[in-house]
Every structure is written in structure tokens, then in C-alpha cells.
Amino acid sequence: MSEQRERIEVAIHRYLLLFEPENTASTLRDIAMALDDLVSVYFDTPDVEPATTDALEAPQFNEAAFGQNAARFFERDDVIWLLDPEGGPDQEAMCTFATSELAEIAADLSKVVWAFENGPEADAIWEFRFGYQSHWGDHLHRVRHYLHGLSAW
Amino acid sequence: MTGDALAIRKSARHVAGRKDKALQDTGREAGDGSAHDVLVIGSGAAGLTAALALAETRRVLVLAKGSLTGGSTAWAQGGIAAVLDAGDTFADHIRDTMVAGAGLNDRETVEFVIERAPASIDRLCELGVPFNRESGDLHLTREGGHSHRRIVHVDDATGWAVQEALLKAAEANPNITLLPGRTCIDFITDRHREHFSAAGRVWGVYALDEATGHVERHVARATILATGGAGRVYQFSTAPRGATGDGIAMAWRAGARVSNMEMMQFHPTCLYHLETKNFLITEAVRGEGGRLINPRTGKRFMTFYDPERMELAPRDVVARAIDAEIKRFGLDYVHLDISHEDPEFVRGHFPTIHEKLMGLGIDMTKQPIPVVPAQHYTCGGVVVDLQARTDIPGLWAAGECTESGLHGANRLASNSLLECFVFGEAAAQDILARWDTLEAPPAILPWDESRVTDSDEEVVIKQNWTEIRRFMWNYVGIVRTTKRLERAASRIELLKREVEDYYGAFRVTTDLIELRNLLQAAELIVQSALRRKESRGLHYTLDYPAMADEAKDTVLVP
């Protein structure tokens with residue numbers, strides 16, 4: 001196992017384990033730290049060329065179970081209000097939910113874990129980087145900002 | 001994205017201040033085709049040129065997404081190329097165009113356009129475009145790739161002057177109706193007749209009234225598509241906000257062939273600034289001594305890519321070098337530095353750029369300018385012939401949304417506005433010549449709104465939009481590989497399914513229509529890029545770095 005793979009997998013598992021039902025001691029601060037770690041690992045991971053063109057056929061991510069486990073972190077609601085940075089002062093507010101954002105991240109990262117276990121390492125690393133740039137990175141920064149607003153750590 | 005995650009993603013809600021989108025009868029529907037003879041979609045150089053030529057004898061309706069001046073024409077800084085100087089020849093302009101196009105141009109089209117350029121300039125002068133003059137004659141400037149002075153211009157804002165003159169003439173013409181604020185959804189074809197037919201002729205367009213949310217029918221004997229390019233498919237683009245490939249996507253869905261979509265032109269140096277997008281730093285800054293520096297290493301990196309020509313290497317070489325540095329070092333931008341030159345010299349040569357940057361807190365006489373390459377022009381598009389006819393009866397097209405054969409694998413500077421005038425005129429003349437054979441529109445079904453509800457998914461639409469633009473920039477940008485293209489194709493396929501779900505379920509909005517078209521354009525670019533097994537002009541792939549002996553168009557058939 002390469003050092004790069006090890007770093008990515010450790011960071012992903014650190015994040016995913018927080019939402020396991022038996023891990024009742026984990027806190028929002030732990031989530032924030034795990035998210036920070038993922039960002040750090042992303043920036044330390046050099047760009048790679050994927051080894052194959054195969055689409056990932058990872059098993060379905062269990063969103064319902066994840067949602068139940070993530071809900072315990074939020075005492076009341078978990079609404080994240082959003083404004084389009086280019087939308088100007090008269091725009092209508094939009095919102096999403098922290099649990100949805102956390103699930104999006106978890107779903108993408110679960111695919112990366114699956115890719116490490118079932119295919120070439122380069123494909124998994126590529127998926128990790130591609131996902132950050134195009135998808136889960138967006139969700140991460142949105143929820144990270146929200147968590148920071150909730151807690152004054 | 002997994003199905004479960006998708007379900008969660010769809011749970012995002014747009015909760016505040018929803019606008020009332022009740023149906024309103026605008027009285028503009030023309031299901032019997034009686035209101036206008038010809039429909040023009042787009043109010044830029046190509047669309048208004050066609051409209052003005054047609055309006056001498058026909059009633060023309062011009063539809064525009066957003067404002068009438070929101071297209072790319074008004075943004076054009078350069079000029080219009082035409083052989084007007086005594087020492088210049090058509091043969092030289094043709095050769096320059098073919099060299100830039102890396103042999104992929106259609107020579108007959110190149111000749112057709114260039115030989116009509118002087119007449120196009122004459123018409124613009126008659127319309128009152130205040131081209132710069134010297135002793136009464138048109139002032140001709142020279143740009144990269146041109147072997148002679150042949151660019152007419154209005155200072156450094158030719159596009160705006162042309163747009164203003166065309167619009168003024170159109171507004172004054174009683175045969176032209178200008179209708180802004182219309183986002184076109186799809187063409188009305190024989191399939192939308194009250195009496196169904198699969199023949200496929202275009203009769204007009206279904207368009208969203210952006211103010212009311214009501215979908216209108218606009219029909220005519222002939223329809224001209226002049227909707228511009230698809231630059232906004234990329235994260236960084238100099239194109240206006242509305243350049244989402246609408247016309248290309250609509251024509252493709254209606255059955256028209258699309259060609260050379262992999263040929264996307266990237267400008268090497270667009271200002272990187274969070275508040276100011278789309279501001280180009282002209283190549284003249286490099287020409288006058290500007291150096292490209294890696295902000296992390298402090299090194300002048302063109303040394304490693306083109307040590308002889310350095311910053312004066314051709315546009316595509318410089319763009320690839322900057323792209324490589326950004327990717328290799330994980331940078332957001334590189335520096336373009338001319339602060340080593342005399343401050344008076346810099347201010348005197350680049351007054352507009354200097355003033356603009358000072359307003360953003362960047363003093364280019366003392367500090368470097370952060371720059372990134374940015375998508376600049378869509379060379380590919382809907383296949384048209386010399387009469388601007390598409391494959392579909394009843395549909396003509398002109399300008400950046402088309403692939404006429406003029407640009408080939410790379411566009412020569414200042415040939416794009418020229419193409420708009422020549423093909424806008426060609427479309428009008430062909431329609432007028434064939435007028436007696438063009439049937440009146442049949443009765444058309446109204447837009448089906450019975451099964452749709454207001455979408456609460458605005459946040460998801462914006463997320464998808466961002467995702468497309470990012471992965472297109474990162475994986476279908478300046479330097480490509482087959483594996484990255486394949487993976488981008490997989491992602492597009494997933495997003496397409498998601499967006500089609502929205503499209504089928506919710507009342508359409510401009511954002512949703514644009515997202516659908518953006519995805520379609522992205523797919524066409526990726527599929528075209530995958531089919532080209534060579535590097536030529538604007539398409540550079542590490543898997544096939546050499547240019548093939550024979551130049552062949554990439555033609556996608558629906």
C-alpha cells in the first residue's frame with residue numbers, strides 16, 4: 001500500500017467512522033476536524049492519470065441509515081441558508097441541510113474506498129481528487145462553514 | 001452519485017419568496033403563424049444582420065435571452081478583418097485563415113466569407129458604425145496571425161459599437177419586432193403540429209417569458225438560429241453569462257448535425273479575480289515585455305516550454321504552458337509581470353488595463369497580475385452550408401453557434417464578427433430567394449404545462465451547474481487525455497439523467513433550461529474530443545500528440 005493511499009484511506013475512515021451508531025462520543029468538533037483533514041489530504045495528493053476508463057460500480061450508499069446516524073449531531077434543525085455570491089442583494093435565499101451535505105460527502109468517499117479495494121490505486125486516487133474538485137469538495141466547504149458558525153472552537 | 005445520495009440531494013429546498021408563476025396570456029402567441037414571417041433567435045451581430053436584410057420585405061421577430069445587448073457581440077474587443085489595404089489580397093487573408101485553422105477549414109467557405117468582407121464593412125459604415133479613420137480612410141490595425149494590416153475597429157470596443165448600430169437600425173425598422181427576456185426551450189417541429197407528422201421541419205420555437213414564467217409559441221415560415229457559443233460550459237470563460245450553448249443543444253435535439261465541438265479556443269491570460277470575471281489581459285502586455293512567472297517557484301516558466309519564443313509563443317502554446325504550471329503546482333493562477341518596465345511606459349501603453357486593475361487594487365507598474373487561461377470562442381457548432389442552411393428544413397443558422405468551415409481547428413483573430421455578417425446576410429438572402437416555396441406554419445400544439453409543478457430545486461440546479469463547469473475545466477480543458485475524457489463522459493451521463501428528471505417533472509426556468517443545454521453542449525464537446533485521434537489546432541491530447549496527415553472534421557450525427 002502506498003503512503004498516498006494510506007493517507008487518503010485514513011482520512012476517509014476517520015470521517016465515516018464518526019457516523020457509526022456505536023460511536024456515540026463523537027461531536028461536531030470531530031466532524032469539523034475530519035473535514036479539515038480531508039481537505040489537507042486532498043491538497044497533498046498529486047494529480048494522477050486514471051489507470052482505466054471503467055465507470056465505478058460501487059454498491060449503493062445507504063443514505064437512510066446515514067441520515068439517521070447524522071441526525072443526532074443536530075439538536076434542532078440543520079438548515080443551511082445559502083446565497084449565490086453573484087446573485088446580488090435582492091436574491092431569494094435558498095437552503096440545504098447539513099445532514100444532506102454530510103451524506104453527499106460520505107457517498108462519494110465510500111466510492112473511493114470501494115475503488116481502492118476493487119481496482120487500480122490510480123483510479124481511486126483520481127476519483128478522490130475529481131470528486132473534491134467537482135462535487136464533494138463543494139459540500140464539504142458548505143457544511144464546514146456551517147459547523148464553524150455553530151461552534152466557537 | 002448514488003441513487004440514495006441523489007435522493008438526499010433532491011431534498012434541498014428553495015424556501016423563501018417564491019415568485020408567482022401563474023400563467024399569463026401575453027397575446028404574443030402566434031399559433032397560426034400570422035404575426036411574423038421569419039423568426040430570428042438571438043440579437044447579436046448575426047441575428048440582427050439577418051433581421052435587417054429580411055425586413056426590407058418581410059416581418060421579422062427577434063427573440064433574445066435576457067437583454068438585447070447581452071450576447072457576445074457587444075463584448076468583442078478586437079475588430080473585423082477585411083482586405084481593404086492596397087497591398088493586401090484575398091489570397092493572403094485566405095492563407096492566414098487556413099494556417100490558423102491548421103488545415104481543417106473548408107476552403108470554399110473561407111473564400112466565400114473573405115471575399116464578402118469588404119461589402120460587409122461597407123454596410124456597417126452605412127449603418128453608422130464609427131470605425132476609426134485616418135485622413136478619411138478606415139484605420140487598419142494588425143493582429144496576431146494576420147500578414148497584413150486588415151482589421152477595422154472602433155478603439156478597443158468594436159463589438160459594442162457594432163451592436164449599438166445594428167440595434168438602433170433594428171429598432172427603427174417597422175418590420176422588426178424585438179422581444180427580449182425570452183429563453184428558448186426547444187424548436188417547434190412537425191412533431192408539435194396539431195396533426196402530428198414526423199417530417200422534422202422547424203416551424204419556430206417554444207420560449208419562456210422570463211418575467212411571467214409562461215411558455216409561448218413563436219412560429220414562422222423560417223427560423224434563423226443566432227444564439228452564440230457555449231463558453232459557459234467552462235469554469236473560466238470570457239463569454240457572457242448567457243453563452244450556454246442553447247442553440248447548439250436545441251438544434252442537436254431537433255436532429256441537426258454538429259461538428260468540431262472539440263475546437264474550443266482558450267485565451268491565455270484572463271484576469272484572475274474573485275469579483276471581476278471575464279477581463280482579458282491583452283497579448284500586447286506579453287508583447288511589450290510581460291513575463292509569465294510561477295508564483296510558487298518565482299521562475300519564468302516559459303523557459304521550460306518554448307525557450308526561444310518565450311512569452312511570445314503562439315496563444316495555444318502559452319495557454320498550455322500556463323495550464324501545465326497550474327496543474328503541476330496546484331495553483332489558482334500564474335503571474336503576468338511587467339513591473340520591471342518603466343511605469344510611465346506601462347501606463348502609456350495600457351491605460352485601460354492599468355485603470356481597471358487599479359480599481360481592483362492591483363498596480364501593474366509595481367506588482368504582477370494574476371492570470372489564468374479562459375475559454376474564449378466556440379469554433380464548432382451546428383453544421384451549415386454556404387446559404388446558412390442547417391440539416392433541418394426551415395432552420396438556418398449563423399455566427400458562433402455554427403460550424404461553417406471558416407475557422408477550422410482554430411479561429412483567426414477578428415474573423416468571428418465577419419462570419420456573423422456574411423452568414424447572417426447569406427441566411428436572409430437564401431430565405432428571400434426561396435420564399436415562395438416556404439409554407440405557412442400549421443396549427444401548433446401549446447406547451448404542455450399540465451403535469452409540471454414549480455421546482456424547489458434551485459440549489460441543486462446551481463450545484464450541478466458549478467459541477468459541470470469545474471469538471472469541464474479540469475478534464476476537458478486545454479490539455480486532454482482519453483481516460484479523463486471518458487470519465488468526464490460518465491459524469492455527464494449521470495448528470496444528464498438527473499437533469500432530465502427535473503426537466504420532465506418541474507415547470508421550466510431559465511436556470512433549468514440553461515443547465516440542460518449546458519450539459520448537452522458538454523456532452524457534444526467530450527464526444528467530439530474522444531473521436532479525434534490526433535492533436536490539431538485547439539485540440540491537444542497527450543494520447544495522440546501528433547497531427548494526422550489528413551484533416552477531417554469531427555461530425556456528430558444525432
Side-chain angles (χ1 to χ4, degrees), chain A residues 42-56 58-67 70 79-82 84-87 90-97 99-108 110-111 122-123 126-127 129-139 142, chain B residues 1-19 235 241 274-275 277 324 326-330 456-475 479 481-495 511 530 542-543:
Chain A
Y42 164 77
F43 280 110
D44 287 343
T45 303
D47 196 9
V48 293
E49 190 63 12
T52 73
T53 59
D54 304 339
L56 285 184
Q60 286 275 20
F61 178 71
N62 191 338
E63 159 249 313
F66 184 92
V79 179
I80 302 176
W81 292 94
L82 301 170
D84 179 351
E86 295 179 349
D90 299 325
Q91 65 182 293
E92 300 165 4
M94 297 177 290
C95 76
T96 181
F97 302 97
T99 45
S100 299
E101 302 293 303
L102 293 168
E104 290 285 351
I105 301 163
D108 280 10
S110 297
K111 271 190 187 176
D123 281 7
W126 189 89
E127 189 70 22
R129 284 180 51 84
F130 179 88
Y132 176 85
Q133 291 168 9
S134 62
H135 189 231
W136 65 265
D138 261 354
H139 293 284
R142 217 161 18 238
Chain B
M1 185 188 328
T2 65
D4 289 342
L6 177 63
I8 285 187
R9 214 171 160 186
K10 284 183 174 180
S11 71
R13 289 287 180 266
H14 169 205
V15 293
R18 185 184 301 155
K19 285 178 182 169
Q235 183 179 7
R241 163 72 177 71
L274 295 180
E275 292 168 17
K277 308 273 167 59
I326 286 174
K327 286 205 169 91
R328 181 177 301 171
F329 289 91
D456 289 339
E457 312 299 335
E458 193 173 342
V459 86
V460 180
I461 290 169
K462 285 188 186 299
Q463 284 170 1
N464 285 350
W465 181 301
T466 303
E467 180 174 350
I468 295 164
R469 297 185 66 205
R470 283 194 184 156
F471 75 64
M472 286 297 288
W473 180 255
N474 284 320
Y475 299 109
V479 178
T481 71
T482 300
K483 284 171 184 165
R484 284 168 187 251
L485 291 172
E486 293 273 14
R487 287 177 172 270
S490 300
R491 205 75 178 189
I492 289 170
E493 188 56 39
L494 277 173
L495 286 171
D511 278 350
L530 279 168
L542 294 173
D543 293 305

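We name chains A, B, ... by the order of the sequence lines, and we start the count at 1 in each one. Heavy atoms only: backbone and side chains are in, while hydrogens, waters and symmetry mates are out.
- Under a 3.5 Å cut-off, the side chain of B/Arg487 and the backbone N or O of A/Thr52 do form a donor-acceptor pair.
- Neither the backbone nor the side chain of A/Ala106 comes within less than 4.5 Å of any heavy atom of chain B.
- Annotation: the span from A/Glu49 atom CD to B/Asp543 atom CG amounts to 7.0 Å, rounded to 0.5 Å.
- Between A/Trp126 and B/Arg484 there is a side-chain heavy-atom pair separated by less than 4.5 Å.
- When each of B/Ile468, B/Thr481, B/Thr482, B/Thr466 is scored by its heavy-atom pairs under 4.5 Å with chain A, the top score falls to B/Thr481.
- A heavy-atom distance below 4.5 Å is not found between the side chains of A/Leu82 and B/Lys462.
- A/Phe130 has its side chain within reach of B/Arg491: a pair of non-hydrogen atoms, C-beta onward, lies under 4.5 Å apart.
- The shortest distance between side-chain heavy atoms of B/Gln463 and A/Arg142 falls below 4.5 Å.
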